[in-house]
Amino acid sequence: SEKKDKRKQEENQEELHQLEEMRERLIRRIGIHGADEKVLKAMLRVPRHLFVPEYAKKGAYIDTPLEIGFGQTISAPHMVAIMCDLLELSEGLKVLEIGAGSGYNAAVMGELVGKSGHVYTVERIEPLVDFARENLKKAGYENVTVLLDDGSMGYSKCAPYDRIVVTCAAPDIPEPLLEQLKPGGIMIIPVGDYIQELVRIKKDPEGKIHEEKRGGVVFVPLIGKYGF
Ligand code: SAM
């Protein structure tokens, strides 16, 4: 049985090595399209295969959204790269995410804000809150907090935030989110019903809002008081 254990260990190591190689290839490919070096490095460090259901592990490094149950998805890696890029994340920032899903995007942001920063991620589906918490624990992220709530109202308890990212599509920009964004802060949000536009919002130091459209995207809907 000792021999069996050893063989099992070797197989596990071999699988891990294969997954790491696939991850490197994926991130290199995303890099060709001009993603920020810092974001790519963070994505290299996050084991996406720990954020998908066990049966989908082999597909974790294909650049596509994957189902995580309850009609929800983990976003495609290139979309995570685009959003993190637009957010201009750096060490020490306090971030609010709406739509924790698998916790993967929060983990990538956790890498980018480091130990001196923090990511709060809100999810409305309770089993997904558990899923995200487990995944983040397995991957070792202690600077990410997963919260069960209707994130369309933001999360006022820990506001204001340097950055806000919404990973589901809203009919309009929810007023509470604008209020919970710090002056000088940045918010990324998909807006629209069927095909959506990724909108980047900057709140200037005087509190004035500037909006910029950054291209078409497809996300699952934001459900809730300020959602659909
Ligand atoms: N960021 C996630 C990841 O890395 O796996 C992917 C998020 S998935 C595309 C969108 C998520 O938003 C779903 O899990 C959905 O349940 C959640 N959601 C929708 N409306 C919400 C709301 N009002 N508050 C919190 N979460 C919400």
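Both ligands and their constituent atoms are indexed starting at 1 by order of listing.
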Just distance, no hydrogens or angles: give the donor-acceptor pairs under 3.5 Å from side chains in residues 9-20, sequence neighbours left out.
| residue | atom | partner | partner atom | Å |
| --- | --- | --- | --- | --- |
| E14 | OE2 | Q18 | NE2 | 3.4 |
| H17 | NE2 | E21 | OE2 | 3.3 |

Taking distance alone, no hydrogens or angles, what donor-acceptor pairs closer than 3.5 Å link side-chain atoms of residues 179-191 to residues at least two apart or in another chain?
| residue | atom | partner | partner atom | Å |
| --- | --- | --- | --- | --- |
| Q180 | OE1 | Y155 | N | 2.8 |
| Q180 | NE2 | M153 | O | 3.1 |
| K182 | NZ | D162 | OD1 | 3.1 |

List below, pair by pair, the N or O atoms of ligand 1 and of the protein that are less than 3.5 Å apart, including the distance to 0.1 Å; reply 'none' if no pair qualifies.
| residue | atom | partner | partner atom | Å |
| --- | --- | --- | --- | --- |
| ligand 1 | 1 (N) | E97 | OE2 | 3.1 |
| ligand 1 | 1 (N) | G99 | O | 3.0 |
| ligand 1 | 1 (N) | T167 | OG1 | 3.3 |
| ligand 1 | 4 (O) | N105 | N | 3.0 |
| ligand 1 | 5 (O) | S102 | N | 3.0 |
| ligand 1 | 5 (O) | S102 | OG | 2.6 |
| ligand 1 | 14 (O) | E123 | OE1 | 2.7 |
| ligand 1 | 14 (O) | E123 | OE2 | 3.4 |
| ligand 1 | 16 (O) | E123 | OE2 | 2.6 |
| ligand 1 | 20 (N) | I223 | N | 3.0 |
| ligand 1 | 23 (N) | D150 | OD1 | 2.8 |
| ligand 1 | 23 (N) | I223 | O | 2.5 |
| ligand 1 | 24 (N) | G151 | N | 2.8 |
| ligand 1 | 26 (N) | R124 | N | 3.4 |

If the condition is salt bridge (charged side-chain N to carboxylate O under 4.0 Å, His left out), which residues does R214 pass it with, not counting sequence neighbours?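 For R214, the residues satisfying salt bridge (charged side-chain N to carboxylate O under 4.0 Å, His left out) (neighbours in sequence not counted) are E212.
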Taking the side chain from K203 and the backbone from L178, do they hold a donor-acceptor pair closer than 3.5 Å?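 Yes, the answer is positive, given that a donor and an acceptor are paired below the 3.5 Å cut-off.
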Using modelled atom types and a 3.5 Å cut-off, is there a donor and acceptor pairing between side-chain atoms of E97 and backbone atoms of T121? no
Heavy-atom closest pair, residues D150 and K225: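 In this case the closest contact between D150 and K225 is OD2-N, 2.9 Å.
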